[in-house]
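Just so it is clear, the model here is predicted, and its values are computed rather than measured. Numbers here are sequence positions counted from 1. As the structure lists them, so they are numbered: ligands from 1, and atoms in each ligand from 1. The basis for the numbers below is simple: all heavy atoms, side chains too, and nothing from hydrogens, waters or symmetry mates.
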Amino acid sequence: MALGDGSTLLGLAEAAGFSSAELVSSLQGDGTPFLGTAEGAASQGVPSFVLGGRVLSGAQPVERLLASLRQAVAAAARTSATRIAVPAERVPAPGKRILIEAEGKSLVLFNVDGRFHAIDDGCPHQGASLCGGRLEGEVIQCCAHGLRFNLNTGYLLGSTQLRVNCYPVERAGDQLHIVIPQEDAASCTR
Ligand code: FES
């Protein structure tokens with residue numbers, strides 16, 4: 001196992017709870033060690049870390065590095081995400097759902113007792129629409145072959161092998177926003 005190896009680094013990042021899909025584009029260099037030139041302390045020979053534009057100088061506890069990494073990843077995701085606005089008049093009532101076509105995607109927005117969940121409308125099994133599925137609590141059952149998916153995680157019940165994409169839903173007054181990460185927004189417009 002080589003520490004500079006891309007797959008090793010992605011494996012370590014996943015073990016620490018990061019999404020390798022979000023980080024893979026950061027590992028496109030040729031493995032040449034970083035020699036700082038423009039980031040102040042990074043050029044001075046002390047251990048130095050540049051995370052999301054912030055410099056942490058000197059040796060840092062693992063917990064602090066991890067927290068800073070999480071902040072940088074979250075900030076990058078926030079600034080690069082696409083937000084699909086759902087006007088107040090379209091926000092579903094408790095127990096209801098609506099189909100939303102936007103940004104080249106078909107999404108289903110559910111209201112489960114005041115908690116909102118947004119997922120892709122395509123079942124990850126064979127692509128059937130999930131919008132008309134049977135909703136039981138926070139579980140949606142596909143009409144086609146009966147597979148059931150947890151709306152919080154997107155995973156098929158009892159499995160982590162099959163998953164429907166689910167998206168954060170933010171509230172701004174009466175309006176909602178469905179947050180589409182950059183990689184998903186890019187792939188749906190290709
Ligand atoms: S297409 Fe949904 S369970 Fe088969």
- Mind checking the CD1-CG spacing from Ile119 to Leu151? Nearest 0.5 Å is all I need.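 It is 5.5 Å, given to the nearest 0.5 Å.
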
- Task: Working to the nearest 0.5 Å, report the span between CZ of Arg148 and CD of Glu136.
- Result: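 If I round to the nearest 0.5 Å, the distance is 6.0 Å.
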
- Item | Crowding at CD, Gln161 (>12 non-hydrogen neighbours, <6.0 Å) |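 Incorrect, the count does not exceed 12.
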
- Item | atom 4 (Fe) of ligand 1 neighbourhood, protein N/O/S only, threshold under 2.8 Å |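 Sorted hits: His125 ND1, His145 ND1.
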
- Message: Within the structure provided, determine whether Ile180 and Leu107 are in side-chain contact (heavy-atom separation under 4.5 Å).
- Response: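 Side chain of Ile180 against side chain of Leu107, heavy atoms only: contact under 4.5 Å found.
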
- Message: Just to verify, what does Leu162 make a side chain to side chain contact (heavy atoms under 4.5 Å, CB included) with, not counting sequence neighbours?
- Response: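 Counting only residues at least two positions away or on another chain, Leu162 forms a side chain to side chain contact (heavy atoms under 4.5 Å, CB included) with Pro124, His125, Leu147, Phe149, Leu156.
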
- Query: Can you tell me if Asp121 uses its side chain to pair, donor with acceptor, with the backbone of Ser106 under 3.5 Å?
  - Reply: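 Here the side-chain-to-backbone pair does not exist.
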
